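Lettering follows sequence order; numbering is per chain, from 1. Please read these numbers as outputs of a predicted model, since none were measured by experiment.
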Amino acid sequence: MANFRTCPDTGFKIDLQADKLIKWNAVTAVVFLLVGGLFGLLVALTRWPAVHLLDAELFYLALTAHGLDVLLVWCIFFEIALLYFTSAILLNARLVWPKLAWIGYWLMLGGAAMTNVAVLQGDSSVMFTSYVPMMAAPHFYLGIILFAVGALLGCAVFFATLHMARKERTYEGSIPLVTFGGMTAAIIAVFTIVTGAVILIPTFVWSLDMGLIPEIDGLIYRVIWWGMGHSSQQINVAAQIACWYAIAAILFNAKPLSEKVSRTAFLMYILFLQLASAHHLLADPGLSAEYKIFNTSYALYLAVLGSMIHGLTVPGAIEAAQRKKGYNNGLFEWLAKAPWGNPVFSGMALSVVLFGFLGGITGVIMGTEQLNLIIHNTMYVPGHFHGTVVVGTTLAFMAISYWLVPTLWQKEMVFPGLAKWQPYLFGLGMGCASIFMMGAGTLGVPRRHWDIAFADSPIGHIFPEAANLMMGLAGVSAVVGSLGAGIYILNMVGTILWGKAKVPAPAAAEPTTAATPSAATSYGGAGTMAVPGTFVLAMVFLTTFVLYYFVNWKYLAGVWHLS
Amino acid sequence: MSIFPTEEKIWWNEPVEKSEVLWVAISFIWALIMFFMMPYWHFAGEQNLSNEAYQISPDAFEEKTEAFAAKYTVREDPVSGYPIVAPPAGSDVYMYGKKWEWWPMLELQEGKSYRFHLSSLDYMHGWSLLPENINLQIIPNYEMVLTVTPTSNGEFSVVCNEFCGIGHHDMVGKIFVKK
């Protein structure tokens, strides 16, 4: 029988096994953020032309490790913690099959460690994508496979918990929107892992060199690998948006503008995101224009539509809640009076804005069949995904941990003053790094490249001085961002280790679980536009999007003719 | 609230906000415009990849490239010793990537079209034409065929922008375009 405690802050019933699993998964995630982040710093300091820190061999090793540890391990460990949180905790339910969840945890940890060892041994600097026919050591692939199996077990526990909570009637009505977002992430995760198995298991067998699988076709590898590689980033998007909604609810008691639209937007992810493998194949031989156009646009940009909806409904929910509280003057009083000094809010707000403007817009542009020609494999690509995974997902995860860690551990934040500044330091640092990388990319600077001065090349190429400047500025920005990441990690680890026990505030003793509809939670604009400020912001976003989209077509129209 | 179950038992029955409907409509129109830009450019634009590609063994492609170079080599690059090949306008042009070079160097004429054949003899490579910034993925065992028309002249570099091993960053080729 499961044992529960009651959360003094929220009134949620917390299954002790779920509590422990969430903590272990989250802490492990943060450890890998530290490891992967340090590798990232080394990469940034090498690509900063004036510093050029590592030698070529170590650079490619560090780049491989950086991609794996943050893109995969940090994100997925944190997401497993979120899955247990959005199921067991939010539904006041017991976590089903805790033993299986622990097996999953150890498989993930063991797999991640195994792949890291392979990379550090030096024979597996094949980059995160490990394109064949370049071969890594067998335990490089095996580690990723074990990690994925562990994550799959985590998803199974999540689904079983949802099922059991429904059966045991721990809640009335439909599951909360945040849980729905978690479910979206979990469904995409299952697709991702299965696709990964389809390509990584044969690749592992191939790497054993026993003749069972003598060769793997490069194009087929890319099509299937990106079915995993891109989809895994959609797990991040779904999880990060679930965090946005959760934070809006926790800080503002915000209710989604409408459950129907927000949930349909999540469903669009499930239905269409998988097509995005094609984003990576637009400059490849052997695929038809029809295939590329249909897939790269997620049918008719329907998954993009999903993100644009969340981009309106998350700030819209906050605006509506703030206006209810009386911050009703003008277009933006609700925003001006938001708690900008609270890292939970500022992290989330920056995540929404930066993800939309830096990650979202550029992703669509790169994913346009012809525009990809002037972007593919340049620094623009890492610029884009630092705009999604770093200032979008990672910042959203940081924001929610400023609430989750003190609440779950019942401890005071150890450096609240630093925490106040951390989202700005990290968000703006990494946001600028993303912008400068994209700037370098438009000048043709290649990604995954040790030396754009071509010092050892018999032929060489001279980049414009602006390219070196962009790479230098990207380096400086990444150092600022790394400082922000360091402060986050210090604060999390410090709070867990040395944080003072929380004294429950008298106001917090009253549980906020007012699940029954009341005047404060029921609103809607009968005939009026309820969220004019958000709508104006959304139109600013759309205008930027449209302008930048056509600017890129103009760039494209200027290059050599291809047909 | 987003962290609590819905008020209606079935979430589909929850009411929808007006501003959301408007935003969804605007966004969807934008989505359609972006979608149709791609087929439109195939008719109206000058920068499209052809669908033409063939499976070919690295050895066969190397042979074809060498035969091409033998036929049209005009001189050697004084610094690197690479052959500079000047094919007639409209003809087939071959270039391969291998660890860690693009071979051979080409000399083309501005405004003339050439049928490019690109492939790799070993790992994947990234064919990145600079400073134009045209980027193609080159995959071993696949021969990518496309028609290229230089619209500017001067010296152009082909760098590799797909990681292909420890010498990846030294991999540079040249295309010279004459007026």
Quick check on [X] against chain A: is it the side chain, the backbone, both or neither that has a heavy atom closer than 4.5 Å?
X        : answer
B:Tyr54  : neither
B:Met37  : both
B:Phe116 : neither
B:Trp41  : both

Where does [X] contact chain B at under 4.5 Å (heavy atoms): side chain, backbone, both or neither?
X        : value
A:Ile462 : neither
A:Phe252 : neither
A:Leu63  : neither
A:Leu267 : side chain
A:Tyr298 : neither
A:Ile89  : neither
A:Phe550 : side chain
A:Tyr60  : side chain
A:Thr442 : backbone
A:Val445 : neither

Strictly by modelled atom types, are [X] and [Y] linked by a side-chain donor-acceptor pair under 3.5 Å?
X        : Y        : value
A:Ser563 : B:Asn48  : no
A:Glu319 : A:Thr534 : yes
B:Tyr142 : B:Gln55  : yes

Out of [options], return the one with the most heavy atom pairs under 4.5 angstrom to chain A.
options                      : value
B:Pro150, B:Ser157, B:Ser113 : B:Pro150
B:Val16, B:Ile10, B:Leu32    : B:Val16
B:Glu14, B:Met34, B:Met124   : B:Met34
B:Phe156, B:Phe36, B:Trp11   : B:Trp11
B:Val79, B:Val159, B:Leu118  : B:Val159
B:Trp23, B:Phe28, B:Phe35    : B:Trp23

Backbone N or O of [Y] within a donor-acceptor pair of the [X] side chain at under 3.5 Å?
X        : Y        : value
B:Asn141 : B:Ser57  : no
B:Lys174 : B:Trp102 : no
B:His168 : B:Glu162 : yes
B:Asp122 : B:Lys98  : no
A:Tyr221 : A:Ser130 : yes

Would you sort out whether A:Ser258 and B:Glu20 count as a side-chain hydrogen bond (donor to acceptor under 3.5 Å, both in side chains), showing the intermediate values? CA-CA 8 Å; A:Ser258 73; B:Glu20 287 181 303; 2.7 Å; yes
Looking only at the aromatic ring of each residue, does the gap between the centers of A:Trp553 and B:Tyr40 stay below 6.0 angstrom? no
Step through it carefully: locate the ring centre of B:Phe4, locate the ring centre of A:Phe12, and say whether they are under 6.0 Å apart. yes
For chain B, find which of [options] contributes the most heavy-atom pairs closer than 4.5 angstrom.
options                                : answer
A:Leu287, A:Leu281, A:Asp451, A:Leu300 : A:Leu300
A:Ser457, A:Ser297, A:Gly558           : A:Ser457
A:Asp217, A:Thr179, A:Ile175, A:Thr296 : A:Asp217
A:Ser262, A:Ala299, A:Ala467           : A:Ala299
A:Leu556, A:Leu177, A:Val132, A:Leu305 : A:Leu556
A:Gly286, A:Ala246, A:Ala289, A:Pro458 : A:Ala289

Looking only at heavy atoms, which two atoms of A:Pro285 and B:Ile139 are closest? And how far apart? CD-CD1, 3.9 Å
Over 12 foreign heavy atoms within 6.0 Å of CD, B:Glu110: yes
About how many Å separate CD1 of B:Ile138 and NE2 of B:His125, when rounded to the nearest 0.5 Å? 9.0 Å
Please confirm whether A:Arg448 makes a cation-pi placement over B:Phe163, using NZ or CZ under 6.0 Å from the six-membered ring centre and within 45° of the ring normal. no
